Visitor: 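This structure is in structure tokens; I'll ask about it shortly.
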Amino acid sequence: MSSKRRIRWAAVPVIAAVALALSACTPTELHGYMPGFDESGQAATNQTEGIASLWVGSWIVLLGVGVITWGLMLWAMVVYRRRKGQTGLPVQLRYNMPIEIFFTAVPLVLVFGLFAFTVREQTALETPWAEDEVEVEVTAIAKQWAWDFQYNEATGSGETVYTMGEQANPDEGGNVDEDTLPTLVLPVDKKVTVDLQSRDVIHSFWIIDFLYKKDMYQGRDNSWSFIPTKEGRYAGKCAELCGEYHSAMLFNVDVVSESEYEAYVQGLADEGLTGDVNDAYDRLQNLTGTDGTGSETQEGQ
């Protein structure tokens with residue numbers, strides 16, 4: 001039997017074993033043990049599957065590169081080891097063009113390939129909905145060390161409503177009552193745009209199970225567009241070190257049915273929590289030449 005045929009026959013059980021192992025994987029294992037998926041494999045948003053696939057695919061490629069590299073290193077150590085009775089230096093080779101071209105081309109292909117897949121996924125993540133596509137627009141306002149959420153033109157009468165949150169207050173054991181955290185409520189299967197603003201320093205809006213985060217800068221608004229696809233409660237936090245109580249800057253995201261969402265925002269309107277609060281308590285207004293409210297002083301005019 002020729003060496004090529006032996007290699008092919010040896011590859012058959014390896015391929016079969018890999019296929020069998022993958023077929024036995026749970027959805028959690030297939031998604032690299034990442035959050036954002038339930039036991040059935042349903043994703044938390046329309047973007048979560050793509051992010052997880054990029055992550056898992058990258059690790060598979062890198063693991064393959066590692067296995068080949070480690071194998072070649074061990075092979076060289078065994079085959080070219082100094083044997084008993086040998087003296088002097090081994091045979092010296094000045095260059096080997098095929099190997100050098102291979103060692104240059106393969107890393108370049110891998111780098112450009114990973115870059116291309118990353119750009120493709122990031123483009124999909126960063127592309128906002130067109131203005132006529134947005135079904136729910138929310139403004140998330142970060143502050144030291146909590147969150148305010150404003151639902152723009154959310155009620156049936158077109159009113160903007162809001163909630164203003166406080167930072168987490170853990171008990172002596174370090175436990176936090178999740179029901180007291182600021183909560184962002186979103187309807188399931190609706191096109192959502194979250195406008196991101198900061199009242200003071202740099203923060204970062206991170207919903208852990210959504211597998212993505214966006215920074216919030218002073219004087220520059222950011223946004224994130226996605227579709228929540230699974231009802232439930234999700235944990236969120238600030239992912240940018242923003243001061244002494246950064247670890248207490250937590251929030252919830254409740255993804256609910258459309259009717260529950262409408263009832264929630266109408267309830268805020270009934271409580272009188274209406275209007276635009278973007279500029280309330282905004283420390284960024286206290287600039288040189290202003291009186292702290294955003295108005296110019298006589299000296300600053």
Side-chain angles (χ1 to χ4, degrees), residues 45 126 128-129 131 134-155 158-169 176 178-187 190-210 212-226 228 233-256 261 264-269 271-287 290 292-295:
T45 75
E126 295 288 345
W129 306 122
E131 290 187 10
V134 178
E135 296 174 295
V136 176
E137 185 174 6
V138 180
T139 302
I141 309 166
K143 60 188 181 183
Q144 292 177 312
W145 288 271
W147 304 83
D148 298 338
F149 298 118
Q150 180 173 293
Y151 304 84
N152 303 319
E153 300 179 5
T155 67
E159 290 180 300
T160 291
V161 296
Y162 65 86
T163 60
M164 301 186 74
E166 297 179 358
Q167 70 189 61
N169 292 299
V176 174
E178 290 186 1
D179 293 333
T180 63
L181 297 178
T183 299
L184 172 63
V185 178
L186 299 173
K190 294 292 182 181
K191 292 181 177 179
V192 174
T193 291
V194 181
D195 297 318
L196 303 170
Q197 300 179 3
S198 172
R199 293 202 192 282
D200 35 55
V201 299
I202 297 176
H203 298 280
S204 188
F205 182 78
W206 183 26
I207 305 173
I208 299 169
D209 280 10
F210 290 11
Y212 202 59
K213 66 183 181 70
K214 294 280 284 187
D215 287 346
M216 310 162 87
Y217 302 98
Q218 306 94 321
R220 182 185 184 278
D221 295 346
N222 227 336
S223 68
W224 180 15
S225 299
F226 57 91
R233 168 163 286 189
Y234 303 94
K237 60 176 66 178
C238 176
E240 188 79 31
L241 183 59
C242 57
E244 183 178 3
Y245 296 101
H246 162 70
S247 61
M249 196 167 171
L250 309 175
F251 66 97
N252 297 320
V253 178
D254 285 348
V255 178
V256 299
Y261 170 77
Y264 175 76
V265 295
Q266 186 58 52
L268 296 179
E271 293 178 32
L273 300 175
T274 60
D276 189 329
V277 297
N278 287 349
D279 293 331
Y281 312 109
D282 195 339
R283 289 163 56 187
L284 299 178
Q285 297 180 72
N286 192 18
L287 303 174
T290 70
T293 64
S295 302

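Note that the structure is a prediction, hence the values are computed from the model and not measured.
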Visitor: Can you tell me if CD on Glu153 sees more than 12 non-hydrogen neighbours from other groups inside 6.0 Å?
Guide: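 No, the 6.0 Å shell around CD holds no more than 12 heavy atoms from other groups.
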Visitor: Kindly compute the distance separating OG1 (Thr180) from CD (Gln167), expressed to the nearest 0.5 Å.
Guide: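 Thr180 atom OG1 to Gln167 atom CD measures 11.0 Å (nearest 0.5 Å).
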Visitor: Which atom names give the shortest non-hydrogen contact between Val192 and Pro228, and what distance separates them?
Guide: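 The answer is CG2-CD, 3.8 Å.
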Visitor: Measure from the side-chain N and O atoms of Gln218 to the backbone N and O of Ser198, and report whether any donor-acceptor pair falls under 3.5 Å.
Guide: no
Visitor: Any sub-3.5 Å donor-acceptor pair from His203's side-chain atoms to Glu240's backbone N or O?
Guide: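 Between the backbone of Glu240 and the side chain of His203 there is no qualifying donor-acceptor contact (under 3.5 Å).
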Visitor: So, Tyr151 side chain and Val185 main chain: donor-acceptor pair closer than 3.5 Å or not?
Guide: yes
Visitor: Would you say Lys143's side chain and Gly165's backbone share a donor-acceptor pair under 3.5 angstrom?
Guide: yes
Visitor: Looking only at heavy atoms, what is the nearest atom pair of Lys213 and Ala239, with distance?
Guide: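 That would be CD-CB, 3.6 Å.
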Visitor: One thing to verify: whether Asp215 and Arg220 come together as a salt bridge, which I'm taking to mean a side-chain N less than 4.0 angstrom from a carboxylate O.
Guide: no
Visitor: Apply the test side chain to side chain contact (heavy atoms under 4.5 Å, CB included) to residues Leu273 and Leu268: give CA-CA distance (whole Å), side-chain angles for both, the deciding distance (0.1 Å), then the verdict.
Guide: CA-CA 5 Å; Leu273 300 175; Leu268 296 179; 4.0 Å; yes
Visitor: Which pair of heavy atoms, one from Ala140 and one from Met216, lies closest together, and at what distance?
Guide: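 The answer is O-CE, 3.3 Å.
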Visitor: Take Trp145 and Leu250, measure what side chain to side chain contact (heavy atoms under 4.5 Å, CB included) needs, and give me the verdict at the end.
Guide: CA-CA 8 Å; Trp145 288 271; Leu250 309 175; over 6 Å; no
Visitor: Verify, without hydrogens or angle tests, whether Asp254 (side chain) and Thr183 (backbone) share a donor-acceptor contact under 3.5 angstrom.
Guide: no
Visitor: To the nearest 0.5 Å, what is the distance between CD on Glu159 and OG1 on Thr274?
Guide: 5.5 Å
Visitor: Go through the steps to decide whether Thr45 and Ile207 satisfy the test side chain to side chain contact (heavy atoms under 4.5 Å, CB included), and finish with yes or no.
Guide: CA-CA 11 Å; Thr45 75; Ile207 305 173; over 6 Å; no
Visitor: Looking only at heavy atoms, which two atoms of Pro187 and Val255 are closest? And how far apart?
Guide: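 Shortest heavy-atom separation between Pro187 and Val255 comes out as C-CG1, 4.4 Å.
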Visitor: Would you confirm whether Asp209, through its side chain, and Tyr234, through its main-chain N or O, come within 3.5 Å as a donor-acceptor pair?
Guide: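 Here the side-chain-to-backbone pair does not exist.
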Visitor: Would you confirm whether Ser204, through its side chain, and Cys238, through its main-chain N or O, come within 3.5 Å as a donor-acceptor pair?
Guide: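 Not at all, since once roles are kept as given, no pair shorter than 3.5 Å links the two residues.
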Visitor: Does any N or O in the side chain of Gln197 come within less than 3.5 Å of the main-chain N or O of Thr139, such that one atom is a donor and the other an acceptor?
Guide: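 Looks like no, no N/O pair under 3.5 Å.
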Visitor: For the residue pair Phe226 and Trp224, categorise the inter-ring angle as parallel (less than 30°), tilted (30 to 60°) or perpendicular (more than 60°).
Guide: tilted
Visitor: Can the positive tip of Lys191 be found less than 6.0 Å from the middle of the six-membered ring of Trp129, inside 45° of the ring normal?
Guide: yes
Visitor: For Glu126, I'd like to know if atom CD has over 12 heavy atoms of other residues, nucleotides or ligands within 6.0 Å.
Guide: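 More than 12 within 6.0 Å, yes.
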Visitor: Test side chain to side chain contact (heavy atoms under 4.5 Å, CB included) on Asp148 and Arg199; report intermediate values, then the result.
Guide: CA-CA 10 Å; Asp148 298 338; Arg199 293 202 192 282; 2.7 Å; yes
Visitor: Which atom names give the shortest non-hydrogen contact between Leu186 and Val138, and what distance separates them?
Guide: CD2-CG2, 3.9 Å
Visitor: Is the ring pair Phe205/Phe251 parallel, tilted or perpendicular, if the boundaries are 30 and 60 degrees?
Guide: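 Phe205 vs Phe251 ring planes: parallel.
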Visitor: Can you see which heavy atom on Leu181 is nearest to which on Ala168, and at what distance?
Guide: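 Minimum heavy-atom separation between Leu181 and Ala168: CD2-CB, 3.6 Å.
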